[in-house]
Amino acid sequence: MKRFYLTTAIDYANGHPHIGHAYEKILADVICRTKRLLGYDVHFLTGLDEHGQKVEQTAKERGISPQALCDSVAKEFIDMCALLHISYDDYIRTTQPHHKTIVRTILQKLFDNGDIYKAEYTGFYSTRVERFLQEKDRVDGIWPESEFGQVTEITETNYFFKLNPHKQWLVDYITAHENFIFPKFRAKQVLEFLREDINDLCISRPKDRLSWGIELPFDSEYVTYVWFDALINYISAVGYGTEKFSEFWPVDYHVIGKDILVPAHAVYWPIMLHALDLPMPKTFLAHGWWLCSGEKMSKSVGNVVDPLDYAKQFGTDAFRYFVIREMNVGQDSDFSHELFLSRYNNDLGNDLGNLVSRNSNMLQRYCGGTIPEIATAEAPETELIGLWSQTHEKVLHGYDRLQFHRALEDIFTFIGAINKFLEIRAPWKLAKSKDPREQNRLRTTLAASSEAIRLAATILAPILPTISQQILEIFQIKAMAWGKQLDWNGHNLANQSLGMESVILFPRIV
Ligand code: MSP
């Protein structure tokens, strides 16, 4: 079985989950579920980034220990994953002993190799992003307050990781590997960043300024920089230094937001891996941001969307549907309550939910609750079957290219076609006729609509896992890996009795 390893960013342990965190986990989950259904042996890693100045400060403000803060935040994030049905295989917390040990092993190795040196440095430091800023971070001559918060000049002796010796190698690597960064236009941004010399990375913080971190193995006066620690989670979680590591590494996808691609993921991380002689990740998937009326969500503006509220009120799958339908992976998208309601009531309620309940009701009324066999093949059925074979191909292609919004559009075009098919065939009229040909048409119609609904539910499974399962339960069948399950099969459901009377999948909400 082919292995597929995917990671998400690990969330900072100093805030509450919001739609950005939720979206990233859902996107990663959809990819992993797709791969599982295609037969891959998936390993899905997510987790929490627990060290650093912000966590230390927030804990201080709340009068609790940093560990107590991390424990309570971890609970919130893990609860969010449970509510959103995130099917992760491992949840790493960077305070876990095995992670800390590996970070120290790596620091020692790089130090012994001469990749890390000690020096005094004067520079401008941002606590918000927890790093020394570079001249190239300035916009119109200043470091934007919105991005960097308060910036102060400090002089400090610290340890530095050499970046420049690897710079040309990285430029060549990015240029030669077009799938390294998705979407492709973001690779240009990285190359732009690499055009000038880059400052070596300061990888330590003196303990008198920050104590909440992993102590350097070669100098107990310092802890390591939070990003250096955090990036290593991707290899510490899968047993760096042990035999099993090579089963997982290199990772297939690092799913992250666009804000943390440059320089952390696309510059520091590849150089760290290169210095460690490890293969490169296959793809960085940098998704866009959720905005609110075109603006960044922020606590002070009061426009932060709480994903938990939506998932609780409208159902997890409805929330998953909305974020995947509205976001073109890689671009930004705007969250609006009106749009959410419209997608919920129209796509999910009217198009899908009503179709499923109408179909069940008609099967009860006209076929005694048992799905009939396809008895004729006339134009309406043939057209529906033809549309499915196109849809099937387009959707799998869309999933593979991370075009989930397009794939959903295609699935819902197919669902619209099933509704239209029922309108054209009008089983309620056929049922009034005693003519055996009309009776055959009636049975064929409901057999075909049921098979079409089964297929739509099956291919929707990565995005709507619960609803998909509920629909299959109505037909009393179990979800299975894809393959043949996605082929139209007129006999699949024949003579199957319905598992339940009628269901309302998406109660109308105004
Ligand atoms: N701890 C670092 C990541 C370290 S990875 C080795 C971090 N944490 S974060 O909590 O600030 O962000 C976690 C993820 O959420 C990031 O990928 C970030 O891009 C994403 N998002 C945060 N806000 C977002 C939106 N409004 N919209 C979409 N995703 C956004 O960065």
Side-chain angles (χ1 to χ4, degrees), residues 6-28 45-55 58 69-70 73-74 76-77 80-81 84 86 91-95 99 102-103 106 126 128-131 146-149 182 186 212-214 224-237 251 253-270 272-273 281 284-299 301 303-307 322-324 326-336:
L6 177 147
T7 69
T8 69
I10 49 173
D11 303 314
Y12 278 131
N14 72 328
H16 303 287
H18 57 61
I19 187 172
H21 303 122
Y23 168 69
E24 185 173 288
K25 309 302 170 270
I26 292 172
L27 172 64
L45 172 72
T46 185
L48 203 63
D49 188 357
E50 304 195 344
H51 291 121
Q53 209 156 333
K54 277 186 277 187
V55 175
T58 309
L69 172 66
C70 292
V73 175
E76 270 187 67
F77 275 86
M80 172 190 80
C81 286
L84 298 177
I86 306 301
Y91 194 92
I92 187 164
R93 298 181 52 187
T94 53
T95 49
H99 171 75
I102 289 176
V103 170
I106 287 174
S126 152
R128 164 93 50 94
V129 298
E130 305 204 35
R131 66 174 168 92
S146 58
E147 191 173 351
F148 300 116
F182 179 95
R186 296 235 174 254
W212 183 239
I214 300 175
T224 196
Y225 169 43
V226 61
W227 266 104
F228 195 87
D229 154 7
L231 288 163
I232 290 174
N233 93 84
Y234 301 137
I235 56 176
S236 70
V251 65
Y253 280 110
H254 278 318
V255 178
I256 52 169
K258 62 176 187 178
D259 56 314
I260 57 171
L261 179 69
V262 190
H265 279 85
V267 177
Y268 302 158
W269 183 228
M272 286 163 69
L273 291 167
F284 289 102
L285 191 179
H287 61 75
W289 268 46
W290 280 97
L291 307 170
C292 215
S293 315
E295 277 186 58
K296 222 172 149 172
M297 294 189 192
S298 87
K299 271 185 241 159
V301 181
N303 60 354
V304 181
V305 175
D306 184 341
F322 180 79
V323 291
I324 296 297
E326 284 304 316
M327 187 74 110
N328 176 351
V329 177
Q331 311 288 327
D332 290 343
S333 195
D334 215 46
F335 189 90
S336 115

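First listed ligand is number 1; within each ligand, the first listed atom is number 1.
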Only heavy atoms of His18, strictly under 4.0 Å: list the atoms of ligand 1 that pass. 22 (C), 23 (N), 24 (C)
Find all atoms of ligand 1 within a distance of less than 4.0 Å from any non-hydrogen atom belonging to Asp49, and give their numbers and elements. 1 (N), 2 (C), 4 (C)
So, Phe335 versus His18, ring centres under 6.0 angstrom or not? no
Taking distance alone, with no angle check, do Trp290 and ligand 1 share an N/O pair under 3.5 Å? yes
Going by the 4.0 angstrom heavy-atom rule, the piece of Glu24 near ligand 1 is side chain
Could you check whether any heavy atom of Gly288 sits closer than 4.0 Å to an atom of ligand 1, since that is the contact criterion I want to use? yes
Taking only residues two or more places apart in sequence or in another chain, which ones pass side-chain contact (heavy atoms from CB on, under 4.5 Å) with Ala237? Leu45, Asp90, Ile92
What residue and heavy atom of the protein are closest to atom 2 (C) of ligand 1, and at what distance? Ile10 O, 3.4 Å
Side chain, backbone, both or neither: which part of Asp11 comes within less than 4.0 Å of ligand 1 when only heavy atoms are counted? both
Heavy-atom distances under 4.0 Å decide this one: backbone, side chain, both or neither, for Tyr234 against ligand 1? side chain
May I ask you to list the atoms of ligand 1 that are less than 4.0 angstrom from any heavy atom of His21? 10 (O), 13 (C), 15 (O)
Could an N or O of ligand 1 be found under 3.5 Å from any N or O of Tyr12, whether backbone or side chain? yes
Hey, which atoms in ligand 1 end up nearer than 4.0 Å to a heavy atom of Ile256? 17 (O)
Quick one: does ligand 1 sit under 4.0 Å from the side chain of Lys296, the backbone, both or neither, non-hydrogen atoms only? neither
So is there a nitrogen or oxygen of Gly257 less than 3.5 Å from a nitrogen or oxygen in ligand 1? yes
Atoms in ligand 1 with a heavy atom of Gly20 nearer than 4.0 Å: 24 (C), 25 (C), 27 (N), 28 (C), 29 (N), 30 (C)
Restricting to side chain to side chain donor-acceptor pair (under 3.5 Å), what partner residues turn up for Glu326, sequence neighbours left out? Arg343
Would you mind listing which atoms of ligand 1 come within a distance below 4.0 Å of any non-hydrogen atom of Ala230? 6 (C)
For residues Gly330 and Arg186, report the shortest heavy-atom separation together with the two atoms involved. O-NH2, 3.7 Å
Measure from atom 18 (C) of ligand 1 to every heavy atom in Val323, Asp259, Ile92 and give the option owning the shortest one. Asp259
